[in-house]
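Naming convention: chains lettered A, B, ... in sequence-line order (proteins, then strands); numbering from 1 in each chain.
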Amino acid sequence: LKPATERAAYPTGALEPSVRRDAWVLGVAVGVFGTSFGVLATTAGLSVAQACVMSLAVFTGASQFAVVGILATGGSLASAFSSAFLLAARNAAYGVALAPTLVRRGSGNGARARHRAGGRVAGGRLARRLVAAQLVIDETTAMATAQSTPAAREQAFWITGIAVFLCWNISTAIGAVAGDAIGNPEAFGLDAAFPAGYVALSVPHVASRAGRVAAATGVAIALFLVPFTPAGVPIVAAAVGVVPALFVARRPGGGVEP
Amino acid sequence: MTWPALLALGAAAYGLKALGLLVLGPRTAGGRLLQMAGLLPAALLPALVAVNTFAEDRQLVLDARAVGLVVALIATWLRAPFVVVVVSAAATTALVRLVA
């Protein structure tokens, strides 16, 4: 993976060739978890249709696993809901981070939409934004924000979103119908695959001093909170890491990459 | 699980995403707020890595995932392609589990 400075090799904002492949790497890993989710969901008492609708409508893996896990062990619907909600809360923070790429500058078809910026919001653009919102998850945020230009960020968001959405939903259906996962994802070490991918995709973020301060503070907050708060809270709370980072960014030489 | 409960869950999950992307996000127009939005992934993604590696329920643990993380950090340091970072970390973690 190239650091942000070398990425200037794509000055026109063209998508790096590797992004498409990387998106499908994530998609395949997501797919193995999807079959696992389909199996767990039906084991927890959901019908095949319910398992599939949950993957389509909720589309955020950690929350879905929490719901079926809690229901399978006899937990209440209320506790399943609150766990799912806390785990999904980080998607709101991801949305804030992605908005400058997907919403404000217009998320239409490239330059054409950008020229229209300032005009009325076309219906097509609104529909596109509403669809984009459903795709705001770990994978799309990590892939999109790792790109160096706004156009590449937008493309990476959509390619990753489509790859992960397809893989997650198709594999959920396969797991739910077959009742048998491709295998235990942990036996393949796939629970370590996502953190590894996010390490690689964090490189551009820690290129600036402000980014490194945000990262270190976020990690410290999250790990500190793990024993004291329900799952999901530590990651959302890590957002506070941007506060000390802003003070660093204000100083000369600590600037954030544009 | 009933259908209304399931659809409510979907609506809540979508609502959180839309709240960030369509409601709060577009209000970060100012310089300082925009800078904050830009720094959010720098704070969140490493935290996600840390929690997904070192948390088991509400406990901090050191297990096979930590070995995978070390491999991922080394592979990233060596500027290995994305797929190599991901696969080498997963394979190492699987191997440690197999041996342990």
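With a 4.5 angstrom heavy-atom cutoff, A/Ala84 touches chain B only via side-chain atoms. Heavy-atom distances place both the backbone and the side chain of A/Phe59 under 4.5 Å from chain B. Heavy-atom distances place no part of A/Leu56 under 4.5 Å from chain B, backbone and side chain included. The part of A/Val67 that comes within reach of chain B is its side chain, from C-beta onward, which places non-hydrogen atoms under 4.5 angstrom from that chain. For chain B, the nearby part of A/Leu46 is the side chain; its heavy atoms alone come within less than 4.5 Å. Looking at A/Leu71, the atoms closer than 4.5 Å to chain B (heavy atoms on both sides) all sit in the side chain, from C-beta outward. Only the side chain of A/Leu77 comes within contact range of chain B, with heavy atoms under 4.5 Å apart. Of the atoms belonging to A/Pro234, it is side-chain heavy atoms, and not backbone ones, that fall under 4.5 Å from chain B. At a 4.5 Å heavy-atom cutoff, the contact between A/Glu186 and chain B is made by backbone and side-chain atoms alike. Of the two parts of A/Val25, only the side chain, counted from C-beta on, holds a non-hydrogen atom closer than 4.5 Å to a non-hydrogen atom of chain B. A/Arg212 does not touch chain B: none of its heavy atoms, backbone or side chain, sits under 4.5 Å away. When heavy atoms are compared at a cutoff of 4.5 Å, A/Ser63 does not approach chain B at all. Proximity to chain B (any heavy atom under 4.5 Å) is shown, for A/Ala49, by both the backbone and the side chain. Heavy atoms closer than 4.5 Å to chain B are found nowhere in A/Ala80, neither backbone nor side chain.
If you tally non-hydrogen atom pairs under 4.5 Å between each of A/Asp138, A/Leu190, A/Val96 and chain B, the highest count goes to A/Val96. Comparing B/Ala89, B/Ala66, B/Ala37 by how many heavy-atom pairs each has under 4.5 Å with chain A, the most go to B/Ala37. Ranked by heavy-atom pairs shorter than 4.5 Å toward chain A, the options B/Thr2, B/Val51, B/Leu95 are led by B/Val51. The greatest number of non-hydrogen atom pairs below 4.5 Å with chain A, out of B/Gly15, B/Ala5, B/Ala55, B/Ala12, is found for B/Ala5. For the options B/Ala72, B/Ala43, B/Gly10, heavy-atom pairs under 4.5 Å to chain A are most numerous at B/Ala43. Comparing B/Val84, B/Val67, B/Asn52, B/Leu16 by how many heavy-atom pairs each has under 4.5 Å with chain A, the most go to B/Leu16. Interface remark: of the candidates B/Pro41, B/Ala8, B/Ala18, B/Pro41 forms the most heavy-atom pairs closer than 4.5 Å to chain A.
The CZ atom of B/Arg97 sits 11.5 Å away from the OG1 atom of B/Thr92 when rounded to the nearest 0.5 Å. Between the CZ atom of A/Phe81 and the CG atom of A/Leu86 there is a distance of 13.0 Å, given to the nearest 0.5 Å. Rounded to the nearest 0.5 angstrom, A/Ile235 CD1 and B/Leu48 CG are separated by 4.5 Å.
Counting heavy atoms from C-beta outward, B/Pro46 and A/His205 have side chains that stay 4.5 Å or more apart. Between B/Phe82 and A/Leu26 there is a side-chain heavy-atom pair separated by less than 4.5 Å. Under the 4.5 Å side-chain criterion, counting only non-hydrogen atoms from C-beta, A/Leu102 is in contact with A/Phe157. Side chains of A/Asp22 and A/Met143 form a contact here, defined as non-hydrogen atoms less than 4.5 Å apart.
Judged by distance alone, with hydrogens and angles left aside, the side-chain atoms of B/Lys17 form a donor-acceptor pair with the main-chain N or O of A/Gln134 at under 3.5 Å.
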